Amino acid sequence: MRDEIKKEEKADNSDSYSNEDSFVNIYKYALKKGNSPFYKTFLMGLSAGLFIGFGYIAAITATKGNWDNIPIGLKSLVFGLVFTVAITMIVFIGGEMFTSNSLALIVVFKKQLNVRRFVSNLFIVLSGNFLGCLVMDVLTVWGAFLNHTPGSKTDFYNNAVILINGKLEHKWWENFGSAILCNFLVAGSIYAAHTTKSAVAKFFVVNLIIMAFAISGFSHVVANSYLWFLQPFLKIFGTRGGWTDFGKFVYNVQLPTLIGNFLSGGILLPFLYYFIYRKDVKEKLTL
C-alpha cells in the first residue's frame, strides 16, 4: 500500500504526463477552446495572426540577401529557427489559430460540444487570424521593409516574392497534401505542449516541432495569410503580386490548405490517439 502511494506521489511530482493523461489534457484544452466566448476567440485569433506576422518578418529578414554560394538547406534552417518566435509567443503569451482549434472536433464527436458552436468558433478564430496577418502586412509597409526610396525594392521584397511564387507554383493538390503534413506538426506541437509541466521542456519541444514545419515549407492557412495579404502591397512597389495573384492564391493555395489543415488537425491526429487511448481514458473524458 505504501509503495503504491509513493508511486502515485512520484508520478504527481514528475515534469511529464503519461501518454493517456496527455491526451486527456489536450481534450480538455480543445473543449475549453470550443466553449470560449466568441469575443475572446476573435481577439486570441487576432493575437496569433500578429505573432505569425512577427515570425515572417523576422524570418524573411534573416534570410534576405544573396544565398547563391550558400547551401539552400542552410537558408531553410535559418528561416525555420527564426520563425519559431511566432509559436513561442502564441504558446507562452496566448493566441489561437484555426489549425489548433480544429482539434475540438473530437469534443463534438463525444457530444460535449455542438456542431454549430464548433463551426462558429473556427470561423471566428480564422477571421481573427486573417485580420492579425493583414495588420502586420500594413505595418510591414509602414516599416519600410518593402522599399527604402520610391521604386527601390529591398531584399525583403525580393525574398517575399520568392516565397509567394513558391506557393503559387504548386498545384492545388500539392498544396492540399502539404497542408495535411503541416497540421500534423502544428496541431501536434500544441498537443506536445500538454505532455509536460515544465515551461523549459515545453519551449524546446514546441519549437523543435515548429522548426521542422517552417524548414519543410508546409502549407499553413494562417501563416500563408501573411503572404496572401502582402501581394497587393508588392504590386505597389514593384511588378510582382497584385490582385491577379491575390485571387489565384485563394483557390490554388488557401482553399486546399484550409481543407488539408482541418483534415489532419481535426480528424487524423486527434482521432488516431483517441482510438489508441479511448479505453484507458473513457472515464476521464466524462467531464
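Counting from 1, the numbers follow the sequence of the chain as shown. Quick caveat, the model's predicted, so the values are computed rather than measured.
Rounding to the nearest 0.5 Å places CD of E169 at 10.5 Å from CD of E174. Of the inter-residue distances, the one linking L185 atom CG with F218 atom CZ reads 6.0 Å to the nearest 0.5 angstrom. Atoms CD1 and CG, on I106 and L31 in that order, are 12.0 Å from each other to the nearest 0.5 Å. Taken from CD1 in I190 to CD1 in I87, the straight-line distance is 4.5 Å, to the nearest 0.5 Å. Interatomic distance, L146 CG to N158 CG, rounded to the nearest 0.5 Å: 10.0 Å. S47 contributes atom OG, which lies 9.0 Å from atom CD1 of I90 (distance to the nearest 0.5 angstrom).
You'll find the side chain of M136 reaches within 4.5 Å of the side chain of L139, heavy atoms only. The closest side-chain heavy-atom distance from I57 to Y226 is below 4.5 Å. Within the 4.5 Å cutoff, the side chain of F23 has no heavy atoms near those of the I276 side chain. Using a 4.5 Å cut-off on side-chain heavy atoms (C-beta onward), F262 and L122 make contact. Residues Y17 and N25 meet the side-chain proximity criterion, which asks for heavy atoms closer than 4.5 Å. Looking at heavy atoms from C-beta onward, V221 lies in side-chain contact with Q254 at the 4.5 angstrom threshold. Side-chain contact between N207 and I210: absent, with no pair of heavy atoms (C-beta onward) separated by less than 4.5 Å. In this structure, the side chains of L258 and L126 come closer than 4.5 Å at one or more pairs of heavy atoms.
T41 approaches N101 most closely through the heavy-atom pair CG2-ND2, 4.5 Å. Residue Q112 comes nearest to N35 through the heavy atom pair O-ND2, 4.4 Å, listed as atom of the first residue, atom of the second, then distance. Across all non-hydrogen atoms, the minimal contact from A179 to P256 is CB-O, 4.2 Å. Between N19 and Y191, the shortest heavy-atom contact is O-OH, 4.5 Å. Shown here for N183 and S264, the closest heavy-atom pair between the two residues is CB-OG, 3.0 Å. When every heavy atom of L230 is checked against every heavy atom of A160, the shortest pair comes out as CD2-CB, 3.9 Å.
F92 and F203 have tilted rings, their planes meeting at an angle from 30° to 60° on a 0 to 90° scale. Ring planes of F79 and F83: parallel class, angle under 30° (limits at 30 and 60°). Relative ring orientation between F249 and W228 is described as parallel, the plane-to-plane angle staying below 30° on a 0-90° scale split at 30° and 60°. Between Y277 and Y273, the ring planes lie parallel to each other; the angle is under 30°, not in the 30° to 60° tilted range.
Checked by atom type and distance alone, the side chain of D15 never pairs as donor or acceptor with a backbone atom of K197 at under 3.5 Å.
Under the 4.5 Å side-chain contact rule for hydrophobic residues, M44 and F38 do not share a cluster. A continuous path of Ile, Leu, Val, Met, Phe, Trp and Tyr side chains, each step under 4.5 Å between heavy atoms, connects L74 with I215, placing both in one hydrophobic cluster. Clustering ILVMFWY residues whenever any of their side-chain heavy atoms sit less than 4.5 angstrom apart, transitively, puts I162 in a cluster other than the one holding L77. Placement of F118 and Y39 within a single hydrophobic cluster is found when ILVMFWY residues are connected by side-chain heavy-atom separations under 4.5 Å, directly or transitively. Linking Ile, Leu, Val, Met, Phe, Trp and Tyr residues whenever their side-chain heavy atoms come within less than 4.5 Å places L272 and F275 in a single cluster.
Within the structure, salt bridge (charged side-chain N to carboxylate O under 4.0 Å, His left out) pairs that include any residue of residues 116-144 do not occur (at least two apart or interchain). Residue pairs satisfying the salt bridge (charged side-chain N to carboxylate O under 4.0 Å, His left out) criterion with at least one member in residues 86-108, sequence neighbours excluded, are listed as follows: K33-E96.
Annotation: F145 is in aromatic contact with F156 [ring centroid separation under 6.0 Å].
By the neighbour-count criterion of 12 heavy atoms within 6.0 Å, atom CZ of F204 is sparsely surrounded, having that number or fewer from other residues, nucleotides or ligands. Within a 6.0 Å radius of CZ in F54, other residues, nucleotides and ligands contribute 12 heavy atoms or fewer.
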Stepwise side-chain hydrogen bond (donor to acceptor under 3.5 Å, both in side chains) test for N261 and S102 = CA-CA 8 Å; N261 286 167; S102 296; over 6 Å; no

Go through the steps for L263 and F176 under the test side-chain contact (heavy atoms from CB on, under 4.5 Å), then give the verdict.
-> CA-CA 10 Å; L263 179 61; F176 174 70; 4.0 Å; yes

What do the steps show when you test L268 against I180 for side-chain contact (heavy atoms from CB on, under 4.5 Å), and what is the final call?
-> CA-CA 9 Å; L268 299 180; I180 294 175; 4.2 Å; yes

Test V135 against L50 for side-chain contact (heavy atoms from CB on, under 4.5 Å), laying out the working first.
-> CA-CA 7 Å; V135 169; L50 295 173; 3.8 Å; yes

Where do I164 and D245 land on the side-chain contact (heavy atoms from CB on, under 4.5 Å) test, with the steps shown first?
-> CA-CA 9 Å; I164 291 170; D245 285 347; 5.6 Å; no

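Of the residues F184, F213, Y56, F98, the one that meets the ring-ring contact (aromatic ring centres under 6.0 Å, His included) test with H220 is F213.
For the residue pair S219 / T257, a side-chain donor-acceptor distance below 3.5 Å is found, with atom types taken as modelled. Side-chain atoms of N159 and T63 form a donor-acceptor pair, as typed in the model, at a separation below 3.5 Å.
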